[in-house]
Amino acid sequence: MEKISNLLEDKPVVIFSKTSCCMSHTIKSLISGYGANSTVYELDEMSNGPEIERALVELGCKPTVPAVFIGQQLTGGASQLMSLQVRNQLGSLLRRAGAIWI
């Protein structure tokens, strides 16, 4: 968990992703559509990617990508983010985290 905590520090939105994952691409597009500047970690391009992926599993991320943290809290994966979007709650969550201002 400490490895992940260090990566989340002072960042309103963090997405753990893989370059080959279409759902990761969809979630990155959804969040950037709000104007949020998220920090993206592509696990398949990181030397410690497998280690981070194991830590995500320990946190309950299944599948491990995309894993989205908003306001340093695990928000979830693609299903949870799409559910927040459909319920019109994603924007307010991004605002509270300081990721967007409008």
Practice item. Identify whether the distance between the nearest side-chain nitrogen and carboxylate oxygen of E53 and K18 falls below 4.0 Å. Key: yes

Check your understanding: What about V57 and V65, same hydrophobic cluster or not, with Ile/Leu/Val/Met/Phe/Trp/Tyr joined at side-chain heavy-atom distances under 4.5 Å?
Key ->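 Unlinked, V57 and V65 end up in two clusters.
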
Check your understanding: Do other residues, nucleotides or ligands put more than 12 heavy atoms under 6.0 Å from N37 CG?
Key ->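 Not more than 12 within 6.0 Å, no.
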
Exercise for review: Return yes when atom CG of N88 has more than 12 non-hydrogen atoms of other residues, nucleotides or ligands closer than 6.0 Å, and no otherwise.
Suggested key: no

Review point. Honestly curious: do L8 and L59 fall in one hydrophobic cluster under the side-chain, below-4.5 Å linking rule?
Key: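 Both belong to a single hydrophobic cluster.
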
**Study point:** N/O donor-acceptor pair under 3.5 Å between Q72 side chain and S5 backbone
**Key:** no

Review point. Roughly how far, to the nearest 0.5 Å, is the OG atom of S17 from the CD atom of E45?
Key: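 One finds 9.0 Å between CD of E45 and OG of S17.
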
Review point. Are side-chain heavy atoms of T39 and V13 found at a separation under 4.5 Å?
Key: no

Check your understanding: Parallel, tilted or perpendicular: which describes the rings of F16 and F69, with under 30° parallel and over 60° perpendicular?
Key -> perpendicular

Point to revise | CG on L7 to CD on E2, rounded to 0.5 Å | key: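 Reported to 0.5 Å precision, the distance equals 11.0 Å.
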
Review point. If Ile, Leu, Val, Met, Phe, Trp and Tyr residues are connected whenever their side-chain heavy atoms lie under 4.5 Å apart, and connections chain through other members, are L30 and L94 in the same group?
Key: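 Yes, L30 connects to L94 through the hydrophobic network.
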
Review point. Under a 4.5 Å side-chain heavy-atom rule over Ile, Leu, Val, Met, Phe, Trp and Tyr, are L74 and I52 clustered together?
Key: yes

Practice item. Ignoring hydrogens and angles, tell me if any N or O in the side chain of E42 forms a donor-acceptor pair with the backbone of T19 under 3.5 Å. Key: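 Here the side-chain-to-backbone pair exists.
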
**Study point:** Shortest non-hydrogen contact from P66 toward A78
**Key:**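 So the minimum-distance heavy-atom pair works out to CG-N, 3.9 Å.
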
Point to revise | Separation between OG1 of T26 and CD1 of I31, rounded to the nearest 0.5 Å | key: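 Atom-to-atom, T26:OG1 and I31:CD1 are 11.5 Å apart.
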
Check your understanding: Is there a path of hydrophobic side-chain contacts, each under 4.5 Å between heavy atoms of I, L, V, M, F, W or Y residues, that connects M23 with Y41?
Key -> no

Point to revise | I27 side, atom CD1; H25 side, atom NE2 - distance, nearest 0.5 Å | key: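 Going from the CD1 atom of I27 to the NE2 atom of H25 covers 11.0 Å.
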
Practice item. Among I15, V86, V68, find the residue that satisfies the side chain to side chain contact (heavy atoms under 4.5 Å, CB included) test when tested with L81. Key: V68

Review point. Are any side-chain N or O atoms of Q80 and backbone N or O atoms of G77, one a donor and one an acceptor, separated by less than 3.5 Å?
Key: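 Yes, because the side chain of Q80 sits within donor-acceptor range (under 3.5 Å) of the backbone of G77.
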
**Study point:** Over 12 non-hydrogen atoms of neighbours within 6.0 angstrom of CE in M82
**Key:** no

Exercise for review: Can you measure from CZ (R87) to OG (S92) and round to the nearest 0.5 angstrom?
Suggested key: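 If I round to the nearest 0.5 Å, the distance is 10.0 Å.
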
Point to revise | Reported CG-to-OG1 distance for the pair L43 and T64, which is rounded to 0.5 angstrom | key: 6.5 Å

Check your understanding: Mind checking whether V14 and V40 have side chains closer than 4.5 Å, heavy atoms only?
Key -> no

